[in-house]
Visitor: 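Please find one structure pasted underneath; my questions will follow.
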Amino acid sequence: MLEVKDLVVTAGDVRIVDGVSFEVRPGEVLGMVGESGSGKTMTMLAVAGLLSGPARVAGGTAVLDGTELTAARLERLRGRRIGFVFQDPATSLNPLMRVGTQISEVLRIHGVSRSEARRRAAELLEQVDLGPERAGRYPHELSGGQRQRIVIAMAIALRPSLLIADEPTTALDVTVQEQVMRVLRTAQRETGAATVLVSHDLGLVAEAAHRIAVMYAGRLVETGTVQEVLGTPRHPYSAALMRSRPRVGTGRGPLPVIPGYPPAPKSRPPGCAFHPRCPVTLDRCAKETPPLVGGVACWAVRDD
Amino acid sequence: MKSDRTGPRVLRAGAVWLVRLAVTVLGVLTLLFFLLRLSGDPAAVLVGPGGTLEDIERVRRELGLDLPLWTQYGAFLGDVARLDFGVSSYTGEPAISAVLVRLPLTLQVVGATLALALLVGVPLGMLAAARARRPSGRAITAGAAAAQAVPNFVLGMLLLLVFSLWLGWLPSYGSESPLHSVLPTLTLAAFTVARVVRLVRAGLLEALSQDFIRTVRAKGGSRLRVLARHALPNAFPPVLAFLVVDSAYLLSSTVIVEQLYAYDGIGKQLVDAIFQRDYPIVQATVFVVAVLVVAVSAVGDVLGALADPRVRREAAG
Amino acid sequence: MRPSVRIALAGLVLIALAVAVGPLLLGVDALEQDLPAKLAPPFWMEGALAGHPLGTDQLGRDLLARVLVGGRTSLLVGFAASTLACAVGIVVGLLSGYLGGWIDRLIMGLGDLWIAFPFLVLAIATIGVVGSSTPVLITLLTLAGWVTSARVTRTIVKQVRGEDYVAASVGAGAGHLSVLTRHLLPAVAGANLVMWTFVVGTMVLVEGGLSFLGLGVRPPAPSWGTILSDGRELLETAWWIPLWPGLALTLTVLLVNLLGDGLRDALDVRMDDHA
């Protein structure tokens, strides 16, 4: 079980992620959605301790199965208790190393013997629908979908209790997206890992996730089950997001778009960051930031 | 890949290299042949100032120098094919064996330099990259830039003065003992090591900025593993390419360094031969160096292909 | 301009001015022997002679004057050789890249062999045969240096040729010469400026090396290399003789490299990173 509380990520004096809290239970898939730049990837990189460049964790805690994830502990937990699937399989594998070796590596790092690691790597390859003979291939000899399945195999090799998949199909051809998602979901079910699926693709999240967390401008604006958030979105931003989502078989008119652009992290408006684009603005919205209460962070939908 | 066409491919690559070898060696020697023949009368040199015109005429006939230039050239090529460059006009021994006898001393210095480049240059470059933003890393980088600018003959005199003449730690001139090769090696190695440090550092910083490094960290890989096992192999191709080109440069520089330390390799032999007008030795030296250079770049190509599976496939396909 | 470029440029201008004007201001003949004053140490040491601040050599010649005059030769040879080498390289590279086909392959194949050969060995052999003089030196250095410039030029020409404005110009009926001079030459200028800077450093070094071996500039005319060579025999007793030309050479090369690095970054030139 992953519990994140008041997570803050800064780059310089900019707050990229601004007080995000959420939980994911074992076996559960949380879909984290939002436009690009909303901070959803940064949130999960911060949880895994994989931030780079100027970005730093500036506050908050993340607890995995009762253990607080500090920088020192993360060094040992990554790969073993936390598995990470990255966005672009074209660049996330070492081009000079056979993929079998790259899968074994995660096992070797965490103390598995060489021969056992090789045997397990072959099993893992089958688990992600690739033949064990692919172990001897180099990344450039595999397709994008195959490479992503290699990355999945590495992520689940030690049956982690937390699996993070950051836009796992975004960089892939539409035709192979489904296959990669099927492999990912099977792996998730078999390991029983608490899973966070970061995506801007609501359709994908609707199919794969149990719960959804919507991020906007570095904050969580709404959380709930897939049915709740997708069926009856309460936050005006979630609602706008649902409306702008292309659907098969409905109308031929232009898709409604959310007016305006998401604010750059440097120039977020005061109060609720969504208020300049929001159809239902109260006076309060421009002054005070609404807290996440009862799964939604909006002054307009508060009971009081 | 594992294909049955590997055999012919190897043969083809081998054939390409033989052609390269032939063109390089032939081109260089041809140039030298005409330069030598056009510049003066070797017979007069051989006979010396005391000889009569008849002596010179006799030597000229013996050496075939009275024949047309093209006939001489043909004969020369035939001699080269038999590795016969004539005898040293100074010692009387066959020129090629005189050069080959001295070759190990030169190869020892060049080989030690390449070893230092890998054993010292690569770790220092890694350190400079790992501490790129810290004073120690900057100091290594600046030191390498400075070391790169000192000419080898200047550095050589400095080392000679300090370690041999002032401190007396190392022998100054000659090549009698292995200790005699220490200063020549250090002199030769300074530039190469400095350059490798800079190349490794730049290559590592570039490699470390790539996405797959994050994957290794996500697997729980330590900083050392990230640097040594993943970034370094990706930073290595430019280092290898440099060392191949640099080997030719090192063979050039041995001429200066050996002369400075009176170290009896083929470099000093070449300079001595020039001043003694001992042309068979000059030709044999140039021939040996040309063969060495082509051999080194062949080895470099093979290593480069082994180091990068993408090139391996390209080269094969 | 980055500070490093500014420092390097200022330093090089200073060196050039010193060797150009310095001897005139100094008014001391670099060739004048004064045996009673031989082997005088530099000013801070005991036994230093007034009028010889950097000391004298074994023939009593003033080292300050010799280093300044010697710098003329070293820098002149370096400048002339690198300019000629880059000019030849640009012409060859333009033709190779523009014409393409077997000419291109032939020239570049030749370049590969050329660059792989230990040039100094060949230069020494040649000088040994034809003798040494400043024109011979410049010719040999030019022959040694054209390849790098030709390669860089060719690579850029290959890229630029495919771009729209060149194609449009050809389509509009522009002649070959016009395309080469109006479009391709400006495109390769930046990279060649960087190349040229680095080559100046290399040329100054090679001239120094050849003169050091006694195969460069003929005595008594000094160059930094010949003064170093003079000092070799007397290293233990008169280490200051090689000190000054050694410092001058090192400083020049360091500044040239600094300028080259700065220009490369400023002009955003990528070149294959050979020695």
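Per chain, numbering begins at 1; letters A, B, ... match sequence-line order. Since the structure is predicted, the reported quantities are computational estimates derived from the model, not experimental observations. Heavy-atom basis, side chains included; hydrogens, waters and symmetry copies ignored.
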Visitor: Taking 4.0 angstrom as the limit, do A/R108 and A/E105 come out as a salt bridge?
Guide: no
Visitor: Counting only non-hydrogen atoms closer than 4.5 Å, does A/P95 touch chain B with its backbone (N, CA, C, O), its side chain (CB onward), both, or neither?
Guide: both
Visitor: Name the residue from A/T170, A/V33, A/T43, A/D166 that meets the side-chain contact (heavy atoms from CB on, under 4.5 Å) definition with A/V198.
Guide: A/D166
Visitor: I'd like to know whether the aromatic ring centres of B/F212 and A/F86 sit less than 6.0 Å apart in this structure.
Guide: no
Visitor: Between the side chains of B/R214 and A/S52, is a donor N or O closer than 3.5 angstrom to an acceptor N or O?
Guide: no
Visitor: Please determine, among A/E75, A/R80, A/M97, the option with the most heavy-atom pairs under 4.5 Å with chain B.
Guide: A/M97
Visitor: Please classify the contact between A/Q87 and chain B as side chain, backbone, both or neither, with a heavy-atom cut-off of under 4.5 Å.
Guide: neither
Visitor: Is it the side chain or the backbone of A/L45 that comes within 4.5 Å of chain B heavy atoms, both, or neither?
Guide: side chain
Visitor: Could you pull out the closest heavy-atom pair between B/A144 and B/R198, with the gap in Å?
Guide: CB-CG, 4.0 Å
Visitor: What part of B/R229 gets closer than 4.5 Å to chain A, counting heavy atoms only: side chain, backbone, both or neither?
Guide: both
Visitor: Counting only non-hydrogen atoms closer than 4.5 Å, does A/L96 touch chain B with its backbone (N, CA, C, O), its side chain (CB onward), both, or neither?
Guide: both
